[in-house]
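Have a look at the structure below before the remarks.
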Amino acid sequence: MRVLVTGGSGYIGSHLCRLLVERGDEPVIVDDFEQGDRRRIDGMPSHELELAAPGAATVLAELMQTEAVDAVIHLAARKQVGESVARPLWYHRQNLGALTAVLEAMLATGVRELVFSSSAAVYGDAHGIVTEDSPTVPVNPYGETKLAGEWLAAGVARAEGLRVTSLRYFNVAGAGWPDLADTAVLNLVPMVLERIDAGEGPQIFGDDYATDDGTCVRDYVHVRDLAEAHLAVLDALPRQPEPHRVYNVGTGQGASVRQVVEGIRRRLPDAPPAVTRPRRLGDPAAVVADVSRIADELGWRARHDLDDILDSVIDARRAEIR
Ligand code: WQD
């Protein structure tokens with residue numbers, strides 16, 4: 001199968017492309033290479049394209065035709081929450097503009113199957129375990145673009161007979177291969193490592209939440225498991241009964257910030273002790289995925305736990321230092 005992967009040179013996309021190649025499928029990558037890295041997709045066909053730019057749909061359709069694409073996995077997006085608050089208009093244009101181009105190109109070429117990368121950010125200030133039917137109330141423009149993206153894709157799927165699956169990723173972490181580790185410093189694990197590398201104690205934003213140890217609880221899912229979820233979806237899409245289906249992708253297990261920080265410190269014995277900071281604005285106390293839908297319907301479940309995630313990150317870090 002030839003699979004168009006937008007954002008294929010990114011952290012998640014490159015894991016997915018490598019798994020596709022491993023199982024004999026052929027990824028065709030479209031990326032603006034702004035955040036991505038060509039070294040992660042060495043030897044794979046790739047095209048540089050800004051999907052939100054005027055005229056991108058036409059260029060993409062031509063490319064999909066030439067490359068004989070069978071299905072699309074659309075990961076390309078801007079994903080910085082803070083930046084989205086500062087530049088809401090740009091975020092909507094970028095993320096919805098890119099998705100619009102992808103859908104238009106699919107209609108123009110007759111490609112019917114799409115996996116859309118959504119986010120737990122659609123749930124906003126959720127509490128505890130969230131199912132796909134929990135209220136969706138995003139609390140920042142980033143989350144809004146993901147929810148609006150689901151609606152857009154669902155509407156087009158219904159009207160045009162496409163099959164679309166939206167995956168709501170929880171907190172993605174880890175490295176499936178050392179060279180594909182997350183190079184951005186936007187989330188907890190890379191932020192902890194950056195502090196330690198600078199000889200400073202990792203920061204804990206708030207330890208007075210109503211959780212077991214007072215720090216925020218999240219559902220950390222190994223990036224390799226997440227990538228495998230896309231393959232399960234891809235295989236099931238032709239038989240998906242409705243035009244649009246949504247799945248949470250997490251482990252169903254919560255881990256606290258303190259557990260993550262101490263887990264990393266245990267693996268790096270010289271790391272300075274953690275320092276507690278004030279709460280970060282807008283952080284919900286605990287958000288964990290209910291993962292029964294994807295397990296029941298597609299047979300996918302995460303195979304790695306927090307220890308595996310942290311081991312993989314430390315291995316990747318050692319490989320980089322060598
Ligand atoms: C996790 C926890 C922090 C850094 C965000 C987006 C979401 C998704 C993933 C995707 C929080 C705490 C962090 C640090 C800390 N986006 N923390 N010290 O906020 O759950 O989700 O990223 O594309 O849409 O909202 O993830 O990794 O930023 O934070 O204490 O140095 O770690 O306060 O409780 P979050 P995160």
Side-chain angles (χ1 to χ4, degrees), residues 7 10-13 15 35 74-85 91 94-95 116-128 130 136-150 166-174 182 184-198 200-223 226 248-251 254-265 271-289 306 309-310 313:
Y11 166 53
I12 298 170
H15 280 85
Q35 304 296 325
H74 177 51
L75 309 175
R78 308 289 160 207
K79 60 165 188 178
Q80 297 187 37
V81 172
E83 187 183 45
S84 82
V85 175
Y91 258 70
Q94 287 288 312
N95 288 357
F116 172 58
S117 128
S118 185
S119 167
V122 301
Y123 297 115
D125 191 8
H127 294 284
V130 287
T136 44
V137 231
V139 291
N140 52 60
Y142 166 72
E144 288 166 14
T145 66
K146 289 296 175 182
L147 185 57
E150 289 186 11
S166 294
L167 294 181
R168 294 177 176 165
Y169 309 163
F170 281 67
N171 292 64
V172 188
D182 193 2
V185 186
L186 299 171
N187 296 113
L188 175 61
V189 172
M191 285 170 77
V192 167
L193 290 174
E194 186 182 63
R195 293 278 298 188
I196 292 173
D197 286 341
E200 293 167 329
Q203 308 185 87
I204 293 178
F205 299 144
D207 65 356
D208 56 351
Y209 286 94
T211 58
D212 284 349
D213 68 14
T215 68
C216 289
V217 169
R218 295 289 182 273
D219 187 334
Y220 295 92
V221 57
H222 197 298
V223 64
L226 173 69
N248 285 342
V249 190
T251 63
S256 74
V257 172
R258 194 178 296 284
Q259 281 175 297
V260 173
V261 169
E262 292 310 322
I264 295 174
R265 288 190 61 239
V275 290
T276 303
R277 301 279 186 229
R279 289 183 178 198
R280 199 173 67 174
L281 215 65
D283 274 338
V287 186
V288 175
L306 183 63
I309 290 175
L310 299 183
V313 167

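We count residues from 1, following the sequence as given. Atoms within each ligand, like the ligands themselves, are counted from 1 in listed order.
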Counting heavy atoms under 4.0 Å, the part of Y142 that contacts ligand 1 is side chain
Looking only at the side chains, is there a donor atom on one of S118 and E150 sitting less than 3.5 Å from an acceptor on the other?
yes
Numbered atoms and elements of ligand 1 in range of V257, under 4.0 angstrom, heavy atoms:
2 (C), 12 (C), 30 (O), 32 (O), 34 (O)
D207 side chain to G214 main-chain N or O, any donor-acceptor pair under 3.5 Å?
no
I'd like to know whether L188 forms a side chain to side chain contact (heavy atoms under 4.5 Å, CB included) with Y220, so could you lay out the CA-CA distance, the side-chain angles of the two residues, the decisive distance to 0.1 Å, and finally the verdict.
CA-CA 10 Å; L188 175 61; Y220 295 92; 3.2 Å; yes
Please list, in number order, the atoms of ligand 1 under 4.0 Å from a heavy atom of A121.
24 (O)
Under 4.0 Å to a heavy atom of I204 - the qualifying atoms of ligand 1, by number:
30 (O)
Could you tell me whether a side-chain N or O of N171 sits under 3.5 Å from a main-chain N or O of R218, the two making a donor and an acceptor?
no
Using modelled atom types and a 3.5 Å cut-off, is there a donor and acceptor pairing between side-chain atoms of Y169 and backbone atoms of V223?
no
Is the closest N or O pair between C216 and ligand 1 shorter than 3.5 Å?
no
Of the backbone atoms (N, CA, C, O) and the side-chain heavy atoms from C-beta on, which set of Y220 has a member under 4.0 Å from an atom of ligand 1: side chain, backbone, both, or neither?
side chain
If the cut-off is 4.0 Å to any non-hydrogen atom of V81, which atoms of ligand 1 fall inside it?
6 (C), 25 (O)
Side chain, backbone, both or neither: N187 near ligand 1, heavy atoms under 4.0 Å:
both
Contact partition for N171 relative to ligand 1, non-hydrogen atoms under 4.0 Å:
side chain
Nearest non-hydrogen contact to atom 18 (N) of ligand 1 from the set Q203, R78, R195, R258 belongs to Q203
Counting heavy atoms under 4.0 Å, the part of L188 that contacts ligand 1 is both
For the side chain of N95 and the backbone of R78, is there at least one donor-acceptor N/O pair under 3.5 Å apart?
yes
Look at atom 33 (O) of ligand 1 and say which protein heavy atom is nearest, naming residue and atom and giving the distance to 0.1 Å.
D283 OD2, 2.5 Å
Of R280, M191, R218, the residue with the heavy atom nearest atom 19 (O) of ligand 1 is R280
Would you confirm whether N187, through its side chain, and V189, through its main-chain N or O, come within 3.5 Å as a donor-acceptor pair?
no
Count the heavy atoms of every other residue, nucleotide or ligand shown that sit under 6.0 Å from CD of Q203, and state whether that count exceeds 12.
yes
Heavy-atom count check: over 12 atoms from other residues, nucleotides or ligands less than 6.0 Å from D208 CG?
yes
Need the ligand 1 atom indices (1-based, order shown) with element for anything under 4.0 Å from a heavy-atom of S119.
24 (O)
Using the ring of each side chain (for Trp, its six-membered ring), is F170 parallel, tilted or perpendicular to Y123, with breaks at 30° and 60°?
tilted
Give me the residue, atom name and distance of the protein heavy atom closest to atom 30 (O) of ligand 1.
F205 N, 2.8 Å
